[in-house]
Amino acid sequence: MSDSTAPKPPHYLDELNDVQRQAAENTEGPVLVIAGPGSGKTRVLTYRIAHLIEKGVAPWEILALTFTNKSAREMKDRIAKVVGKKASNIWAGTFHSLFARILRVEAKHIGYPSNFTIYDTDDTKSLINQIIKEMNLDKKVYQANAIKNRISSAKSSLITPKLYAQNAELLTQDKQAKMPLVSKIYTAYVARCKKAGAMDFDDLLFRLFELLQNHPEVVRKYRQKFKYVLVDEFQDTNTLQYAIVKKLVMYPKSPRNICVVGDDAQSIYAFRGATIQNILDFERDFADYGIQTFKLEQNYRSTEHIVQAANAVISHNRRQIQKNIWSHKGVGQKIKIIREMDDTGEGRRVADTILEQKSRYHLMNQEIAILYRTNAQSRIFEEYLRKFNLAYRVYGGLSFYQRREVKDLVAYLRMVVNPNDEEAFRRSINQPKRGIGNTSIEKVVALANARGISLFEALKHVALPNRTRHSADGYLDMITKARAKADTANAYELAESIARKSGLSTMLSNDTSIEGMARLENFSALLDGIKSFVDEDTLIDTDTLPDKTLASYLQNIALLTDFDSNEEKNNTDVITLMSVHAAKGLEYKSVFVVGLEEKLFPSWMSMDSADGMDEERRLFYVAITRAEQFLTLSYCNTRYRYGKMVMNEPSRFLTEVPAGAVENTSYSRRSEKSEYDPLERQRAKVTGITPIRKRGTAKFTKPKMDPSKFKPNLPSEIEVGQQVMHLKFGEGRITKVDGGAGNRIATIHFSDLAQPEKRIMLKFAKLQVLD
DNA sequence: ATAGCAGTAGGCCCT
DNA sequence: CTACTGCTAT
């Protein structure tokens, strides 16, 4: 959308079409913006905020809630282009991060420490399993995942453990699922989180709601503060999120300056409790206060065949807000449909088509995306892209912060900040092994439960055999000493010293396998991350954070996803592989939507209900509307699932794409023989495509050199001026070495990177000197 | 009492 | 394809 080429930028409102402009200028009172795909929604939001600021509204009086850190950052950057630096004072961020920020300030009102820990899904599951075990229940019957979902949706519907226990409907459901004690587990879970000083993701919303509900002086404060509230992706908010927003803007004499932007057709998070009912409720709730509705219907992203296909597909859904999405970008290319015999063929054919498109239309890698329903589908595409020497990056799957080695160190850091953190205790107490096994931990748990104290406290007093006592004391001493420094010391020094004293660094350094080296890489990348948190601001959004202590570092990373990380990935020319969910809000010149088969897309989980099917169709709608010029849909007859070959029908969604928008070479003309040539298959076998995704290996496509040939030099051998090789960053030159003897830090210039300067701790990073 | 190993069962959607 | 379980050696 860079059609404005005037030398002097015109007044910013001139860059908007009529409807967009009205949506941006009508700043007072409740506003609902229904925004089709590619209709300039972000543009409206940013100009609206810019307009508010130009009119004299203070940036900190504006609350803009988004779903991802990325879109918050983008929005701020774009606002800054109009109003300058003060844009950074806007309260723009995700629901979770902004609410965590408020909760830290107001924690005392709800009996939480302001250093509260945020439990991620793994912590949550592990705690639930723990409770199940303590209650002597069969974990095959009581599945942690299912229970987590029950608890999560209870919280999202504002149902406390108490209300749950009184809710006949929920109790009946649990009985039918043969899990009558879910209510008890829920109660125990909430108590344990509280005791541990921990909140899970839902708590960040739930506790904030409680806070606003029960503390009039607090709610008054924030109502006064936030004079204008904006919500992006409103179709993906759940009941609880909307309840919080209402708390902030609905009160006597409120100006009700609330603007929500969304598209019912792109609602794809119902499985997490999101409901488009919120849009309908919004219209009802604010009907008496002069609600204004604007529909953005012009699609600036895609050519007409694509828009036409999208409209046709979505019209199969039952209810929707009426709108007429149109494009004036010309008819463009027709949609290509690829059919293959099996998933391997699909992988090869997609990679082939990419090569063809690249040469014919001069596409860059970064203009291409492969979108799939489930992350597990990525493997085959990775294999072929690699084989064809096409650079790619996979989003999703195991994120950096979920890696074992990263979580281990983070667990120690969490203990330093909040010693009551039960999950961090369990993870750190015997990692690396220090001879405190299950039996000892059982004793600790027993004592903690008996006296109602934390595990950490219990460890101090529990009776243990001498040897075990000794290592326990070592652990306690380490955490206690670090805690003493936690408020004053720089987060990086603290983390680095813990990494050393815990024995984690030594343990990882001693592992010389390739996976081990990759783990060490990740481990030092974490330390590097903490370092840049401390001295630069590049890593994270400091505006949403009050300070730079270890506590706020942890708070921040708990809410980061794979998407938000720092690396140079945004600037490198790579093909994007991601799930359709992850692709929401993004756009690419050429998009491949793959695996279009019944039971896969639409997913088998959703096929038994009409609501589920509608959601799958919206998901498909989101997928195809990511494409600007080229859209390719693919499916195959058989594929491996759970290690077994299964037959698939083509997805019903394919039949919903109008024939007029589809290239007619596609369905059946291409001879199946050539695609299923046994010789060709045999050849593929012989070429031996080896799987490249191993657990714990770095995520980048191409290692800069063959890891098996990589021979790192000793840290002491590294000098200024040397040309060195780093497994992930490639070749670079040492420009500076500083730090003390045992802790030398090299500044290295990697000219291939977008941000070439890296500071790397020599004791962790492995570097090979090149001659 | 702990830790490493090996074999088995169960599970893998999306945040 | 991995996360538990149970066994055995220390």
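Because only heavy atoms are used, hydrogens play no part in the values below, and waters and symmetry mates are left out as well, while side chains stay in. A, B, ... follow the sequence lines: proteins, then strands. Residue 1 opens every chain.
- For A/Y142, there are no ring-ring contact (aromatic ring centres under 6.0 Å, His included) partners at least two apart in sequence or on another chain.
- Between A/N375 and the phosphate of B/dC14, there is a side-chain N or O to OP1/OP2 separation shorter than 4.0 Å.
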message: What does the B/S/- profile of nucleotides 2-9 of chain B look like, 5' to 3', with a 4.0 Å heavy-atom cutoff to protein?
response: SSS-----
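- Taking 3.5 Å as the limit, the base of B/dC14 and the side chain of A/R272 contain no donor-acceptor pair of atoms between them.
- Sorted by first and then second residue, the side-chain hydrogen bond (donor to acceptor under 3.5 Å, both in side chains) pairs involving residues 266-277 of chain A (not counting sequence neighbours) are A/D263-A/Q266, A/Q266-A/R626, A/Q277-A/D281.
- Helical stems in DNA chain C, defined as runs of 3 or more consecutive Watson-Crick or G-U wobble pairs with both donor-acceptor distances under 3.5 Å, are listed by first residue as B:1-9 with C:2-10.
- Taking atom C1' in both B/dC13 and C/dC4, one finds a spacing of 23 Å when rounded to whole Å.
- For the pair A/Y142 OH and C/dC4 C1', the interatomic distance rounds to 21 Å; values are reported in whole Å.
- Residue A/T68 has no polar side-chain atom (N or O) positioned under 4.0 Å from OP1 or OP2 of B/dT15.
- For A/F381, there are no ring-ring contact (aromatic ring centres under 6.0 Å, His included) partners at least two apart in sequence or on another chain.
- Atom CG in A/L577 sits about 17 Å away from atom C1' in B/dC13, given to the nearest Å.
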Distances under 3.5 Å between nitrogen or oxygen atoms of protein and nucleotides 5-10 of chain C:
{"residue": "C/dT5", "atom": "OP1", "partner": "A/K139", "partner atom": "NZ", "Å": "3.1"}

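- For A/A376, taking side-chain heavy atoms from C-beta onward, the closest of the listed nucleotides B/dC13, B/dT15, B/dC12 is B/dC12.
- Applying the ring-ring contact (aromatic ring centres under 6.0 Å, His included) rule to A/F209 yields no partners; only residues at least two apart in sequence or on another chain are considered.
- Among the protein residues, A/Q143 comes within range of the sugar-phosphate backbone only, with heavy atoms under 4.0 Å from sugar or phosphate atoms but none that close to a base.
- Counting only N and O atoms by type, the side chains of A/Y392 and A/E382 include a donor and acceptor under 3.5 Å apart.
- The separation between A/I268 atom CD1 and B/dC14 atom P is 13 Å, rounded to whole Å.
- The residue A/F67 sits apart from the nucleic acid: no heavy atom pair falls under 4.0 Å.
- Partners of A/Y186 under the ring-ring contact (aromatic ring centres under 6.0 Å, His included) rule, at least two apart in sequence or in another chain, are A/Y164.
- For A/Q241, there are no side-chain hydrogen bond (donor to acceptor under 3.5 Å, both in side chains) partners, not counting sequence neighbours.
- Every residue two or more places apart in sequence or in another chain that forms a side-chain hydrogen bond (donor to acceptor under 3.5 Å, both in side chains) with A/R318 is listed here: A/D611, A/D614.
- Regarding A/R379, its CZ atom lies at a distance of 17 Å from the P atom of B/dC13, rounded to whole Å.
- For A/N317, the side-chain hydrogen bond (donor to acceptor under 3.5 Å, both in side chains) partners two or more places apart in sequence, or in a different chain, are A/R617.
- Annotation: side-chain hydrogen bond (donor to acceptor under 3.5 Å, both in side chains) contacts of A/R192 (sequence neighbours excluded): A/E134, A/E422.
- Residues A/H581 and A/Y395 keep their aromatic ring centres 6.0 Å or farther apart.
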